[in-house]
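Worksheet: the structure to be examined is printed underneath.
Hydrogens, waters and symmetry mates are skipped; everything else that's a heavy atom, side chains included, is used. Within every chain, numbering begins at 1; the chains are lettered A, B, ... in the order of the sequence lines, protein sequences first and strands thereafter.
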There are 2 protein chains.
Amino acid sequence: MPESHPEHARFPVTVDVVALTVADDTLNVLLITRLIEPFRGTLALPGGFVLAGEDLLSAAARELAEETGVEHVPGHLEQLGSYGPKGRDPRGDVLTVAHLLLAPNFPVLSAGSDAEHAGWYPVSQVLRGEVQLAFDHERILADALERAKSKLEYSPLAAAFCGEEFTVAQLRAVYEAVWGTRLDPRNFHRKATGTPGFLESTGRMTAGDAGRPAALFRLAKTARPTAGQPTHAVLNPPLMRPRD
Amino acid sequence: MPESHPEHARFPVTVDVVALTVADDTLNVLLITRLIEPFRGTLALPGGFVLAGEDLLSAAARELAEETGVEHVPGHLEQLGSYGPKGRDPRGDVLTVAHLLLAPNFPVLSAGSDAEHAGWYPVSQVLRGEVQLAFDHERILADALERAKSKLEYSPLAAAFCGEEFTVAQLRAVYEAVWGTRLDPRNFHRKATGTPGFLESTGRMTAGDAGRPAALFRLAKTARPTAGQPTHAVLNPPLMRPRD
DNA sequence: TCAAAAGTGTTCCGAATACACCCATGT
DNA sequence: ACATGGGTGTATTCGGAACACTTTTGA
């Protein structure tokens, strides 16, 4: 490294958030419609510039709050990876750090504000190319989906898609939506409830649905995030997705 | 996002490289001794500032070449993750994008140049805190090790630590060094040679060593990187490391 | 009484483990 | 001959897949 402290190029840095949720057995991603150039009128991931003195996760959480009205992170937020800075923004070199948010379905509140309109879109539609995304956001979304798929295998993060309490069937619906597969309900039940450090019984039951009431579970204490810090708990043995 | 295009803070961006290799059944990391402040005289990961018009992987490869004399990437290079920009450099906010290089043991050539002296250090020593690293490089190294461990499970990248041709025992030594475990030579042999899309026989044998000569293998064609692009091949079923 | 979903028991099979054993070389 | 590491065969065990079956509700 030449140490004459020359023009160390400085780059604008943005954070983008791939917010995923499961609704109606479908994996959805939160997208905004851009109101400004470039890519005006095009769908894009929510995100924006990192401010001085700000950390990456904080910036991602702030942008999420600004564009959805959600005050504190409603699920699991983690860094996905960085893209650029070359050739991904027509205005010039911009480095973006993409983030992945796994969250229960939450209402998008900013529809009426002067910010961009935000809404949920099925991931499969976007990745099939039925809608175009701005910048390299389609690639980022593809990477995020792959990350999410593998996260479900060896971490308890599927529960981040559910609320505080949930049934085994709801949890299974998450796996099926993210992995795009069908899982045997009986074997899944045994595996999920039998994996140490994953689920914790609440003693409560559902009522009013069709069929037999289901027991309500929550994430085991050791797998829960503490003080806003995301969990790093490991599912051992992993819940492997079917290959091929 | 307030779209008045205000002071979008611009950040200096660096790339750091965690170069790992296996030598004498030990996992080693490439470190330099810093010749300038801050952290002058302290060991650190090789790295440096991203230049205008440069991409992240290119910058990482360039810094590696500048500080080790290696012309083209001698193994598998991938992005690890980004750190900062807040509070990790006493000079101010610097965003760094860490990279992971898995490579066969290569000589460090820059010892005599005016660049920093570079050398291999056992990862275990560093993570035990027996040597201090500059900035947040110890945390980055810890993350890199975790990434490397899991990469070996589901990708053919253990071969990136070996040369062009290698024996099953050499490959096993890589797994043992990275995972810090012992593996049964017989079962490992069966698993490695029996995994489709992993190893390919060269027909050649070793000679001159103690014991029976070993067959030489290379990475299967479908698992080899093409045109400098890293491989994304997947090992299925994975080679699972022993847990607990 | 029937449909629907929850949950349990059981069988089957393939993969991981442990280890006995043989092979091919250097000394 | 013997030590050293390479490689194969085999019994055991464990976990996942498949699925019959019972349980508990709503309609």
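- One can place CG of Leu199(A) at 11 Å from P of dG7(C), the figure rounded to the nearest angstrom.
- Contact annotation: His189(B) reaches the phosphate of dG7(D) (side-chain N/O to OP1 or OP2, under 4.0 Å).
- Going from atom CG of Leu141(B) over to atom CG of Leu127(B) covers 4.5 Å, rounded to the nearest 0.5 Å.
- For residues 157-188 of chain B, proximity to DNA chain D is found at Ala169(B), Arg172(B), Arg186(B), defined as any non-hydrogen atom under 4.0 angstrom from a strand atom.
- By the 4.0 Å N-to-carboxylate-O rule, Glu146(B) lies too far from Arg139(B) to be salt-bridged with it.
- Between Leu20(A) and the options Leu30(A), Leu100(A), Val178(A), a side-chain contact (heavy atoms from CB on, under 4.5 Å) holds for only Leu100(A).
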Check nucleotides 24-27 of chain D for protein N or O atoms closer than 3.5 Å to its own N or O atoms and list the pairs.
{"from": "dT24(D)", "atom 1": "O2", "to": "Arg212(A)", "atom 2": "N", "distance (Å)": "3.3"}

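- The distance from atom CG of Asp136(A) to atom OG1 of Thr96(A), rounded to the nearest 0.5 Å, is 7.5 Å.
- Taking the side chain as every heavy atom from C-beta outward, Phe161(A) and Tyr175(A) never approach each other to under 4.5 Å.
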Using atom names, set out every protein N or O paired with an N or O of nucleotides 11-16 of chain C below 3.5 Å, distance rounded to 0.1 Å.
{"from": "dA16(C)", "atom 1": "OP1", "to": "Lys191(B)", "atom 2": "NZ", "distance (Å)": "2.8"}

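- Between the OG atom in Ser155(A) and the CG atom in Asn236(A) there is a gap of 12.5 Å [rounded to 0.5 Å].
- The line from NE2 of His76(A) to CG of Leu102(A) is 6.0 Å long, rounded to the nearest 0.5 Å.
- The CD atom of Glu63(B) lies 12.0 Å from the OG atom of Ser58(B); values are rounded to the nearest 0.5 Å.
- Contact of Arg190(A) with dG15(D) (side chain to base): no donor-acceptor pair of N or O atoms is detected under 3.5 Å.
- One distance of note links CG of Asp16(B) with CG of Leu64(B); it measures 12.0 Å at 0.5 Å rounding.
- Two residues, Phe217(A) and Met205(B), neighbour DNA chain C, and the one matched to the more 5' nucleotide by heavy-atom proximity is Phe217(A).
- In the model, Thr206(B) has no side-chain atom that pairs as donor or acceptor with a side-chain atom of Thr167(B) under 3.5 Å.
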